[in-house]
Amino acid sequence: MKRKRRTEILIKGCRTLPEQLTHEVEKGYHVKMIQEPENGLVMLKVRETAQKSLFYLGEVLVTECKVQVQNHIGFGVVSGDEPELAYQLAVIDAAFEGAFPETKTWLGLLKTEEQNILEIQKSMDSSILRTKVSFETMDVG
């Protein structure tokens, strides 16, 4: 599983999952803080749909953290002021970078969480679609 997909699942899913995975690493390994969770700003790049050109929409507040677990560096970044989640993402990232034995069982947990996220999204989409107005069938008079 690629880092981007894994991070999206951990951010969008239940917050107990990253907490649980981080505790597993902390129990078995020494976690060294390289960069404490700190806030920063990043430019948000957006593609304009008509001409397909890129432009910067503005700045987004992020929290980032960097850790080392057994000579493996982990990086966590999340939008908003979320120091705990940034730390957890960094620890989990380091574990995956080091291919720790625990990560094999984590893949199943992440896939299950991804399914839960998709189910919730489908439910929200269907409730929104019920209120959608069809302008083709409206009587204009």
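All residue numbers refer to positions in the sequence shown, counting from 1.
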Given the options L110, I117, L109, E113 meets side chain to side chain contact (heavy atoms under 4.5 Å, CB included) only with I117
Single-linkage hydrophobic cluster, 4.5 Å side-chain cutoff, V78 and L44 together
no
Among the clusters formed by ILVMFWY side chains lying less than 4.5 Å apart, do V62 and I34 turn up in the same one?
no
Please name the pair of heavy atoms, one in [X] and one in [Y], separated by the smallest distance, quoted to 0.1 Å.
{"X": "V77", "Y": "L89", "result": "O-CD1, 3.8 Å"}
{"X": "V69", "Y": "Y29", "result": "CG1-CB, 3.6 Å"}
{"X": "D81", "Y": "T63", "result": "CA-OG1, 3.4 Å"}

I92 and P18, any side-chain heavy atoms less than 4.5 Å apart
yes
Could E97 and R3 be called an ion pair, given the rule that one side-chain N must be under 4.0 Å from one carboxylate O?
yes
To the nearest 0.5 Å, how far apart are NZ in K27 and OG1 in T22?
12.0 Å
Should the heavy atoms of other residues, nucleotides or ligands under 6.0 Å from CZ of F55 be counted, would the total exceed 12?
yes
Going by the angle between their ring planes, with limits at 30° and 60°, are F100 and H72 parallel, tilted or perpendicular?
perpendicular
Given E114, which partner from the list R6, R5, K12 fulfils the side-chain hydrogen bond (donor to acceptor under 3.5 Å, both in side chains) test?
R5
Is it true that the side chains of E82 and Y87 contain a donor and an acceptor less than 3.5 Å apart?
no
